[in-house]
Amino acid sequence: MIVAYGVANLLQSVAAARTTVHHTFDPGLLLRLAGHRTYLVGLACQVAGFVLAFLSRRDLPLFLVQASVAAGLGVTALLGVILLKWRLPVAEVALLVLLFAGITALVLSAQPAPSKALGTEGMIALLVTLAVIAVLGFFAVRLHGAPGSVALGSLAGLAFSAAAVAARPLASASSWDAFLSDPLLYLLIAHSVVGQLLLGLAMQRGSTTAAVAAMDAAGAVPAAIVGLLLLNDKIWPGREWLAGIGFLITLAAVVGLTRYAEPQHQHAVARETTRAVVGAPPPLVTQPAAAGCEVAGAASGAGDPVPQAASTGLRRPTTRS
């Protein structure tokens with residue numbers, strides 16, 4: 001699961017960096033991203049990670065599963081070193097060790113247990129949450145730069161967190177008929193689609209270090225609290241301190257890794273953009289500032305257009321549920 005999300009983070013962020021920046025809460029962005037084979041491969045990895053996370057939520061508490069999803073950034077950092085020749089500073093090595101230690105502490109403290117039913121009130125709460133996230137996203141998408149990245153990243157994290165809450169009791173469905181007829185399934189799908197759209201929008205806006213940190217916290221903390229209070233998530237007696245320390249260490253390591261992963265990813269995309277612009281015979285055709293800039297008449301390869309000019313912003317890898 002962690003490996004699948006790590007690969008998905010890397011591939012999807014590259015595809016988002018090559019897509020025209022959207023300034024409206026438009027689902028068409030997902031269709032544009034789907035035109036990139038890189039994004040589709042990343043999406044396939046994300047679906048695989050989602051299925052594994054869904055099956056894990058049948059018996060494992062949400063604080064463990066959500067922290068593991070966020071830990072996919074550690075795999076992204078390692079893949080960047082191996083495949084994209086990112087540097088591996090001593091500080092990043094220390095953060096990877098902390099990440100491994102945090103996940104280990106969560107594994108040792110988590111007590112497997114089936115979920116309680118969420119109930120009608122819980123389903124209504126998830127529906128209201130979906131509406132609130134969508135309305136806030138409609139306004140947040142008008143923000144630019146770091147504020148837009150933070151706002152959209154936080155909302156994406158909340159959507160993925162709500163999807164995780166819906167998945168925990170849904171994973172315990174007794175039959176396929178019960179699974180397909182459960183309203184939680186459709187709430188799960190709706191929250192996941194909205195979260196994916198918000199994530200794509202957040203990845204398009206400038207530096208997203210703070211946005212990724214906010215998204216990871218919003219995706220892990222609320223779900224962990226709801227799981228412990230309402231869904232029968234359990235901690236082995238006497239290990240509550242270990243769970244708390246492990247959870248905090250994991251989130252701190254993920255936030256720290258965003259700081260080191262971002263600049264290297266930006267520089268890699270910038271070099272690719274420079275090569276494409278210099279080597280392309282057609283001139284640059286710029287659109288009005290509100291719409292961003294595009295390189296006309298060129299392509300970076302089969303299915304993937306040339307990366308955006310600097311005004312669209314360059315991003316780092318990001319995580320999701």
Is there a path of hydrophobic side-chain contacts, each under 4.5 Å between heavy atoms, that joins Leu55 and Leu106?
yes

Answer yes if Leu248 and Ile235 sit in the same cluster of Ile, Leu, Val, Met, Phe, Trp and Tyr residues linked by side chain heavy atoms under 4.5 Å apart, and no otherwise.
no

Pairwise side-chain contact, Leu64 with Asp233, heavy-atom cut-off 4.5 Å (strictly under):
no

Shortest non-hydrogen contact from Ala113 toward Arg168
O-NH2, 3.0 Å

With a 4.5 Å cut-off on side-chain heavy atoms, are Trp236 and Leu108 touching?
no

Could you list all the side chain to side chain donor-acceptor pair (under 3.5 Å) pairs where at least one residue sits in residues 108-129, not counting sequence neighbours?
none

Kindly write out the residues that satisfy side-chain contact (heavy atoms from CB on, under 4.5 Å) with Ser181, not counting sequence neighbours, or none if the list is empty.
none

Steps toward side-chain contact (heavy atoms from CB on, under 4.5 Å) verdict (Gln196, Phe160):
CA-CA 8 Å; Gln196 192 67 26; Phe160 289 130; 3.9 Å; yes

Locate the shortest heavy-atom distance separating Ala156 from Gly195; write the atom from each residue and the value.
CB-O, 3.7 Å

Worked check of side-chain contact (heavy atoms from CB on, under 4.5 Å) between Leu198 and Ile133
CA-CA 10 Å; Leu198 291 166; Ile133 291 173; 3.7 Å; yes

With the side chain counted from C-beta on, respond yes when Met123 and Asp182 share a heavy-atom pair under 4.5 Å apart, and no when they do not.
yes

I'd like to check Met1 versus Ser68 (side-chain heavy atoms, cut-off strictly below 4.5 Å). Are they in contact?
yes

Out of curiosity, does Leu242 fall in the hydrophobic cluster containing Phe100 (side-chain heavy atoms, cut-off under 4.5 Å, transitive links)?
no

When rounded to the nearest 0.5 Å, the distance separating CD1 of Ile103 from CD1 of Ile249 is 10.5 Å

Under 3.5 Å: donor-acceptor pair, side chain of Glu240, backbone of Gly238
yes

Over all heavy atoms of both residues, which pair between Ile2 and Val75 is shortest? Give the atoms and the distance, please.
CG2-CG2, 3.6 Å

Using modelled atom types only, decide if a donor and an acceptor are shared between the side chain of Arg239 and the backbone of Ala110 within a distance under 3.5 Å.
no

Separation of Leu201 CG from Leu143 CG (nearest 0.5 Å):
11.5 Å

Sub-4.5 Å side-chain heavy-atom contact between Leu188 and Phe54
yes

On a heavy-atom basis, which atom in Pro169 and which in Leu118 lie closest, and how many Å separate them?
CG-CB, 4.2 Å

Check Ala223 against Val165 and note the closest heavy-atom contact, atom names and distance.
CA-CG2, 4.1 Å

What I'd like to find out is whether the side chain of Leu228 reaches to under 4.5 Å of the side chain of Pro61, using heavy atoms alone.
no

Side chain proximity check, Leu231 to Leu62, heavy atoms < 4.5 angstrom:
yes

Filter on salt bridge (Lys or Arg N to Asp or Glu O under 4.0 Å), then keep only pairs touching residues 41-51, sequence neighbours left out; what's left?
none

Could you walk me through whether Phe247 and Val221 pass the side-chain contact (heavy atoms from CB on, under 4.5 Å) test, one step at a time?
CA-CA 9 Å; Phe247 191 79; Val221 175; 3.9 Å; yes

The test is side-chain contact (heavy atoms from CB on, under 4.5 Å); show your working for Ser192 and Phe50 and say whether it passes.
CA-CA 10 Å; Ser192 297; Phe50 174 83; 4.2 Å; yes

Any donor-acceptor N/O pair, His191 side chain to Tyr186 backbone, under 3.5 Å
no

Minimal heavy-atom distance between Gly137 and Leu152, with the atoms involved, is O-CD2, 4.4 Å

Whether Arg58 side chain and Ala171 backbone form a donor-acceptor pair below 3.5 Å:
yes

Could you tell me if the side chain of Asn232 sits less than 4.5 Å from the side chain of Lys234, heavy atoms only?
yes

